[in-house]
Colleague: 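If you scroll down you'll find the structure; I have some questions about it.
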Amino acid sequence: MRLAPWRTLRGRMLLAALAVEAVMLFVLVANSVRLLEDAMGEQARSHARQIIPILNAALVAPLAQRDYATVQAVLDESKATAGIDYVAIEDAQGHLVGVAGWPADQPLPPVDAQFALDGDERRPRYDVAEPIRLAGQTLGTLHFGLDLTVIAEARRSLRGQGMMIAGGELLLSAALLTLLGMMITRQLSVLTRASGRVAAGNLALEPVPEGEDDVGQLGAAFNAMSGAVAERFAQLTAARDRLEALARDMEQEHARMMALLSAMEFGVLFTDREDRIVYANPAFLHAWGLDAECLAAGMPAEHVLEVVRERLRDPDAWRRDVEWGGAATVELVLGDGRILTLERLPVLAGGAEILGQLWLFADVTAARRDAGQLKTAKEAAETASHAKAAFLATMSHEIRTPMNGIIGMTELALDTDLDDQQREYLGLIRSSADALHAIVNDILDFSKIEAGRMDLEKIPFAPARLLAETIGMFRPAAAAKGIGLEVRNANALPERLLGDPTRIRQIVSNLVSNAIKFTAAGEVAVEVAGLLEEGDRIEVHFVVADTGEGIPEDKLGLIFSPFTQADSSTTRKHGGTGLGLAIVARLVEIMQGRVWAESAPGQGARFHFTLRLGLPTVAVEPVPTAGPAAPIRSARILVAEDNRINQALVQALLGKLGHVSVIAMDGEAALRLLSEDGPFDLVLMDMQMPRMDGLEATRRLRASEKALGLPAIPVIALTANAGEADRQACRDAGMDDFLSKPFRADDFKAVLVRHL
Ligand code: ADP
């Protein structure tokens, strides 16, 4: 931009400087002219003062003598003297008596009061009048005019010169100042141009010149500033680039999210804090039969939710479950039968600020249908499993009942007088029946475990005594084979443990019986190998070791599978079903333990198993595992049993023990006999009887005893159903004990002893 010269700093400075200079010069010149004038005036006055005494002296005499010719001559002569313009004398009366240089007919010019060079006379003159005296008497007046032409000339030339000098000086100053200004402002215009370029966006500037003076420092400051601007601009550019990249990323992210939302089978509705619609995905529109056009972002969600509510089978459910309900997930049943779940989640920004809500709808119709089918299938399976269990129970009862007869009757027969052959035959019958009994028990146990119906007890017991008693059962067999039988380290066991002693006994028995079976010489030992306490539980590690024939390594992994034997000749040699170890493995498993075997052919076998058992928190008396075999008094016993063989067996056993028995054919008969034919010391009650079963009969008996305030008579269940559930049913009905069929004479005796 081109500025008018007076608007530039340079122009203004120049004008100001020149104005000041002009004023100063004017004052200077005027002053010197005045001074000169004063000096000249003084000179003229002194000139006049010099002339006056001379003329006075020359004129006094002629004037006194009225010698006017001499006066005229003096005047003429004086007039000839340089510097006198005119000279005239008036006498005392004021008559002009002599004049030179002035027309005599003209009045003399007035006397100048003071010396002045001004006036527009062509000839500048100083008019003076001086009285001429002699002895105090005035003789006349001398008039003369000093010619000031020279002085005026000098003044004029002085003025002219002063003006010229001032003009020259002004010109010179102007030139000098312009030059100086240019020098200063050249830098400024460089800066101005550079700033203009910066303003136009050109930041890649050559730095402007810098220097030590203030303008140079301005340049340095400018360079620093433009550097900073360039740097800031670069930062801004980078930030803008980052922002652009971020925006691009966000756009892509948004595109991906949109793709996801539109592909999703969940119905998605976003609402903002003011419950206005932000977005709804296609699945949402589809689920509720809405048009994309009918809902736009920003419109109140209420409009859409109104439609949703109308689609429900029970529109009130919306108010109840969604508007008032606090549940995280709400199930909505639509008029057309579909089932949708609704989950409402807050949409949070930065972890805290709530932006709005996410409404998530999922169509669970198919899932519910599948779940329904699954439930039906599960129920069917459960029914089947119940049927199987019921079948097993029946089978168990049906097989055990006749076996009870066989075993019991054989035992009775063996007690009679027999010849050797008969005794041998009966002995064979009994051991076959025992074997059959064992097999039936194994199969039943195994099926029960497989069906998940093995109920474990959790009762206190003394583990060391349990081991000793279990081993005790095998002493005769071991002695018969001439092998040692030992329990080692049993005193390491806690005095009391919580668990199922019957099942533990079963595990140990199975392993010990195998060990004895497969050992020809040496010994069988049950060892307590380790204990690991964990709070109120303890893991006990047992080992059953033998010095028998051992098991080939490739068979070690198989022997715990059902119906497997290490050697196919085993059955022929030793009998057995191959179920013993499978049962052991499963029992150990349900007691949260492990079982494994170490062996090599000819090296004996070591069967390890661990059990996790409870540690009783309070001292509890263990349930006695066997009663003392003490002689008992004769008692009157009611036997409720419908099977005739069992009636005969029980009666024979009771008779042998010296007791009197009365038979009832069913529960009703038992109750009648109890009330009409009493008193009885004890009741042996079969569980399964026609008309009224043992449980019902016992319940009624207990009720009537209570009503009549009679003491409770001991009731012992006789049953082929040996499960824990059955025992519990017996206890619940009010029975005192339990005798599982088929029973041995010894067990029978022990139970009676306990209750009489
Ligand atoms: P079984 O009723 O046939 O004894 P088990 O499951 O108890 O069935 O045993 C499976 C097989 O494992 C046995 O037939 C035998 O071959 C092998 N076995 C089990 N215990 C021992 C042992 N202590 N010594 C050698 N072999 C054994």
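All residue numbers refer to positions in the sequence shown, counting from 1. Start at 1 and go down the list; that is how both ligands and their atoms are numbered.
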Colleague: At a non-hydrogen distance cut-off of under 4.0 Å, which region of Leu581 contacts ligand 1 (side chain, backbone, both, or neither)?
Modeller: both
Colleague: Which pairs, with at least one residue in residues 369-378 and sequence neighbours excluded, count as a side chain to side chain donor-acceptor pair (under 3.5 Å)?
Modeller: Lys378-Glu382
Colleague: With a 4.0 Å heavy-atom cut-off (strictly under), which part of Lys555 contacts ligand 1: side chain, backbone, both or neither?
Modeller: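 For Lys555, no heavy atom sits under 4.0 Å from ligand 1.
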Colleague: Considering the heavy atoms of Ala515, write down every atom of ligand 1 situated less than 4.0 Å from one of them.
Modeller: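 Taking each heavy atom of Ala515 in turn, ligand 1 has 23 (N) under 4.0 Å.
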Colleague: Any salt bridge linking Arg606 with Glu527? Criterion: basic side-chain nitrogen under 4.0 Å from a carboxylate oxygen.
Modeller: yes
Colleague: Specify whether Phe542 and Phe609 have parallel, tilted or perpendicular ring planes, treating 30° as the upper limit for parallel and 60° as the lower limit for perpendicular.
Modeller: parallel
Colleague: Quick one: do Asp445 and Arg503 make a salt bridge, cutoff under 4.0 Å?
Modeller: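 Result for this pair is yes, salt bridge flagged.
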Colleague: Cut-off 3.5 Å, side chains only: do Asp737 and His755 have a donor facing an acceptor?
Modeller: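 Yes, a side-chain donor-acceptor pair sits under 3.5 Å.
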Colleague: Is Phe560 touching ligand 1 with its side chain, its backbone, both, or neither, if touching means heavy atoms under 4.0 Å apart?
Modeller: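 Answer for Phe560: neither.
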Colleague: If we set the cut-off at 4.0 Å for heavy atoms, which region of Asp546 has an atom near ligand 1: side chain, backbone, both, or neither?
Modeller: side chain
Colleague: Report the member of Asn514, Ile439, Asp442 with the shortest heavy-atom distance to atom 7 (O) of ligand 1.
Modeller: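 Going through Asn514, Ile439, Asp442 one by one, Asn514 has the nearest heavy atom to atom 7 (O) of ligand 1.
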